[in-house]
Amino acid sequence: MADLESSLLQALNVQEVIADSGELAKNLGVEHIVLVGTIRSLQASEMVLAEDIDHFRYVLTEEAQGYLTAGSPEAQVFNSVPAGEGIAMTDLKAKVPGEAGDVGFKQAMQQRWLALDKSGSGEPRVVRKVDSIEDRTQQLLADVASGREIPKTEADNLAKKRKLIRPEQWKTYKLTKGPKFALERKKPATDLTFEMLAKNAWRNLEFKEYNFNALGAPPAGGQLHPLLKVRSQFRKIFTQMGFEEMPTNQYVESSFWNFDALFQPQQHPARDAHDTFFLNKPATTPSARGVDPDYLQRVKSVHEVGGYGSAGYGYSWKLAESEKNLLRTHTTAVSSRMLHRLANQPGEFKPAKYFSIDRVFRNEQVDRTHLAEFHQVEGLVCDRGLTLGDLIGVLNQFFSRLGLKKLRFKPAFNPYTEPSMEIFSYSEQLGKWMEVGNSGMFRPEMLRPMGLPEDVNVIAWGLSLERPTMILYGIDNIRDLFGHKVSLAMVKKNPICRLGL
Amino acid sequence: MPTVGVNRDKLFEKLGKAYTDEEFDQLCFEYGIELDDVTSEKEMLRKELASTVAKGADSKLAAEAAAASEEVIYKIDIPANRYDMLCVEGIARALNIFRGTQAAPQYRLADMATGKQPLQMVVKPETALVRPFVVCAVLRGVQFDAARYNSFIDLQDKLHQNLCRQRTLVAIGTHDLSTIQGPFTYEALPPEEIKFIPLKQTREFNAKELMQYYLDNDQKLKKFVPIIQSSVVYPVLYDANRVVLSLPPIINGAHSALAFGSFPASCSPSFHTPHSPSTHMITLDTRDVFIECTATDLTKAKIVLNTVVTMFAEYASTPFEVEPVEVVDVLGNKTLYPDLSYRSLTLTTDYVNSLLGLQLPGEEIVKLLTKMQVAAELGDGKELTVRVPPTRSDILHACDVAEDVAIAHGYNNIPKRIPPTATQGRELPLNQLTELLRAEVAMAGFTEVLTWALVSRAENFENMRRPDDGCTAVEIGNPATAEFEVCRSSLLSSALKTLAANKDNALPIKLFEVSDAIMLDESRSVGARNERRLVAVYCAKESGFEIIHGLLNRVMDVLGVPYKEDPVSAGAPVTYHWSPSADPALFPGRQAAIFTGKDAQVGVFGIVHPEVLAAFDVPYPVSALELNLEPFVFNQFYESLLEPLSVVPAAAQAMKVLCDHQRPLKT
């Protein structure tokens, strides 16, 4: 290649102009196409200027090559027909077989060189109509082969109808010296290197143009998972609002803390096996292990006959049902433990604000919007004299930190809160109200048996972490977010979470 | 949350006003119910048809869909404790009273003083063995038309599904009183001795063969058979002439069925889920209806009976009047049912105002409660006496009354206040350390994943080549799918699953997760504990063992825990080291156990065993690290900051110990 480039540059240097690169290729003994690569490269470096020369010619098709010497099919057929009595059709086909025979016969008939004689008995015979012929087709093919021009109508006929010749176009170039003409090419540098700096060579170097239309190389560092980025921001918002994180690192829970302590009756549908994962191992939590017997008695009694101003549910409460272990269905199981702990700490009652973000489990079929486990975000405030107005206030504070500034509340039902409110937020993007969480004030039937003073109320709210994350990051299948089928490309590309900024 | 489908025009007729969908939605929002869907019978059948077409065309369904009504149906979500709103009568009544267009009706028992004896239901002792309670009532002169009748059936159906817990707790039977004669008996007999023609059948069955018949032939009824099938005696109700009223909780007798000649045959009465009601045949028909509820839970039976009678007494000859039935229990005690007494609850206006953060005058509270069907009277000063109607079984406590005040006042009219509670924000140290470490591992070039705690048993043990000793993993008793049999006791299997699901990614793939493994642990009161762990995997054409080893060193550097052999470790309260190990999940000779303190193992790292890779369908070599982080949850004074939620009381003492080098860090 380098030799070819150098030969071209030498030739151009001597001749100043190379009229046709085709000639040059012939002189250098290479295919023109090989020379074109060199010309393009030199042109890009502005060392030569190239001007297009368009060429056109006909060449013989493969079929026609054979007719150059053997004669055109029609001539071959004519020559096979003896003068006089002619020849039987089948014999003629044997003499000029195949396509050439068929085409030749048709052409010879059209030219009126031959005729069919049906006068005799038996098979018709092919006989000559003229004594001799001139093989015009062969002559034309010979002209094309030797590069001579042929009349247009005949060229069209040979090219389009008989497919004996085909057109061929190609380019060659007229070459002149370019602005950066030199006998030898300087290779431009692609990057600035240590050596260039050391030798101060960068001053005399030409640098290749950088392709600014591509992305850069991705950094080698790792990335954090989007759901957990959102979790981090929620944690910041809570702690900034003065909330203390609850120890939720315990997935296994007893029905007592998950349901009974929350005044959720034992026949409640949520306690059905098709909603809750019950455990074979460890199957139960014997109440003797950690539940104060007096408290246990108070819980049983408030379910059965009420108390603390409540009518109770009026059913027979079963200890065994409360001892059944499960995977917690909500982090409120932890809240109930924490509130009981708060109620029973030594000294006077101290107010508390708690939060948690952790996994909860539901015995559900997995689909685009449901998983058997998801993250629950929960916040609660426990203090004397709290009101529903406080709940509305703290919810406005919390959700405005998430960018949801327009809230409204709908009455709802929850076994352990009263009043209960569903939280709706107006989405400017969607132009409609969307449910964003649930809230309420814990029932006295839950709080009083724990021993919390009568004027102490607890306001609480909860939401899932997955839903806001899916909206924020435009994910419509929850399995793309949480679980082993996660898309790593999604994890790598997702932006920082701006909630709480 | 139950969803009730009601005919929109019928509902609007009862409300005396036609709403737009938006207006009605707004009304629902204020009251705390939800307009879930606007559809029609035709639409619903069309959807059903579309879903069955995939399984093979159903020409019968197609014909039904073509003929079905196009009248608009509102699907309304009702809160789970408002049983009185499970039918169009109850929804319209509640909304009418809420809007002030109707006064709350006074539900009352028919006066029996004028010498008229109530009907009797005598309970036999054997019922205690299977279904001990029964309560009854009579509605006289109920004017039915097709729509009312269908609503009557639908209400029973909704109650059976919800409060009755699929008939296990309570089952309702309704009968044409003109076909039967009191006194009635509630008995429990061996199934072979109970013989009758059940509803929708033409021949007599004994109860034993009937159960088998339903198991074999009836998709709807067969699910109720197990409620009584194994009992030695079955509950049964007879009239004075030994006519079987019903075999609860399964089926009524054919004899006493509430039959209406001109109604479509598909609308047969209770113990039966009706087909789509058809409303084109309107024929008025008046009936005396006998209602019985048998139960294992008396409180719920009373609520169910009250709900049925208070809703449909609307159509009785004397509206809202119910004729009582005397139930004679085993001891001969007589009780009149239904119990339509208004429960009295005393509270103060201060309580209501202080709970809601309002300053409403007493008169205003009384007015608001009227909108919620609760009559209230102001006593001396701030005392408030409310009468809870039999329809409002959801009101258990004064806080329920306060909520009703809030709803009637409008949740969105309550002024907000920021709680004055002053507390200090605090992160759980375990979680704070997790946050710090996650960032460090990502900085080290690993990408974070988040995987499920629930795995199959094979994924946790067999695929990992780790034996299941039966005392490691938490086992789920009732998984909905085989995917979720145990809680993972190691995070590595989840990381390998993630690699398998992402094997098309450019190599090397470097992943990590900081999550909890769950293991059985007798020292915790619940018998199990979570353990916070770091798992990291490196997956490439070569194992990358030294890269994972390097990550361990880096993690320990950032945790401030020096390598035991490092000169700087002299005097360090906590150190770590490693030595060759024999974890069956890892490749022999290319693995090591990680220790802290003297000899407490806290983790393992190595090349994953090729058989494990094959089991998880990972084609490339993988190196892995799994490390328990809990021994490293300490402050700058090396004091452990672990705060377990539940410990067995005796063990509680041992947790608050300094985690210095004197004490091996037990995992």
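Each chain gets a letter, A, B and so on, in the order its sequence line appears, and its residues count up from 1. Everything numeric in this text was worked out from a predicted model, so none of it was measured.
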Look only at the side chain of [X] and the backbone of [Y], and say whether a donor-acceptor pair between them is shorter than 3.5 Å.
| X | Y | answer |
| --- | --- | --- |
| A:N325 | B:V526 | yes |
| B:N478 | A:T276 | yes |
| B:N412 | A:F409 | yes |
| B:R417 | A:V394 | no |
| B:E448 | A:L224 | no |
| A:T387 | B:L355 | no |
| B:H397 | A:G306 | no |
| B:W452 | A:F482 | yes |
| A:K353 | B:A422 | no |
| A:E245 | B:N431 | no |

Where do [X] and [Y] come nearest, in terms of heavy atoms and distance?
| X | Y | result |
| --- | --- | --- |
| A:V252 | B:A528 | CG2-CB, 3.7 Å |
| B:T447 | A:G222 | OG1-CA, 4.0 Å |
| B:R488 | A:R359 | NH2-NH2, 3.6 Å |
| A:F277 | B:P479 | CE2-CA, 4.2 Å |
| B:E435 | A:S232 | OE1-OG, 2.6 Å |
| B:D297 | A:Y315 | OD2-CB, 3.6 Å |

Using heavy-atom distances under 4.5 Å, tell me whether [X] contacts chain B through its side chain, its backbone, both, or neither.
| X | answer |
| --- | --- |
| A:E445 | side chain |
| A:F374 | neither |
| A:S487 | backbone |
| A:E418 | both |
| A:Q267 | both |

Any carboxylate oxygen within less than 4.0 angstrom of a Lys/Arg side-chain nitrogen, looking at [X] and [Y]?
| X | Y | result |
| --- | --- | --- |
| B:E522 | A:R289 | yes |
| B:K416 | A:D390 | no |
| A:D272 | B:R165 | yes |
| B:E427 | A:R235 | yes |

Item to complete: May I ask you to check if A:K410 and B:Y411 form a cation-pi contact, with NZ or CZ under 6.0 angstrom from the six-membered ring centre and within 45° of the axis?
Response: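 Judged by the rule (NZ or CZ under 6.0 Å from the ring centre, within 45° of its axis), A:K410 is not positioned above B:Y411.
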
Worksheet item: Under the 6.0 Å and 45° cation-pi test, does A:R408 pair with B:F29?
Response: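 Yes, a cation-pi geometry.
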
Which residue out of [options] racks up the most heavy-atom pairs below 4.5 Å with chain B?
| options | value |
| --- | --- |
| A:A311, A:A372, A:S310 | A:S310 |
| A:I392, A:N457, A:L227 | A:I392 |
| A:L407, A:L481, A:V366, A:L327 | A:L327 |

Discussion item. Is B:D404 close to chain A through its backbone or its side chain, or both, or neither, when contacts mean heavy atoms under 4.5 Å?
Written reply: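 Looking at B:D404, nothing touches chain A.
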
Worksheet item: Taking everything shown except A:K493 itself, do over 12 heavy atoms lie less than 6.0 Å from its NZ?
Response: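 12 or below, so no.
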
Worksheet item: Going through the distances and angles, do A:R384 and B:T421 end up as a side chain to side chain donor-acceptor pair (under 3.5 Å)?
Response: CA-CA 9 Å; A:R384 297 186 188 273; B:T421 313; over 6 Å; no

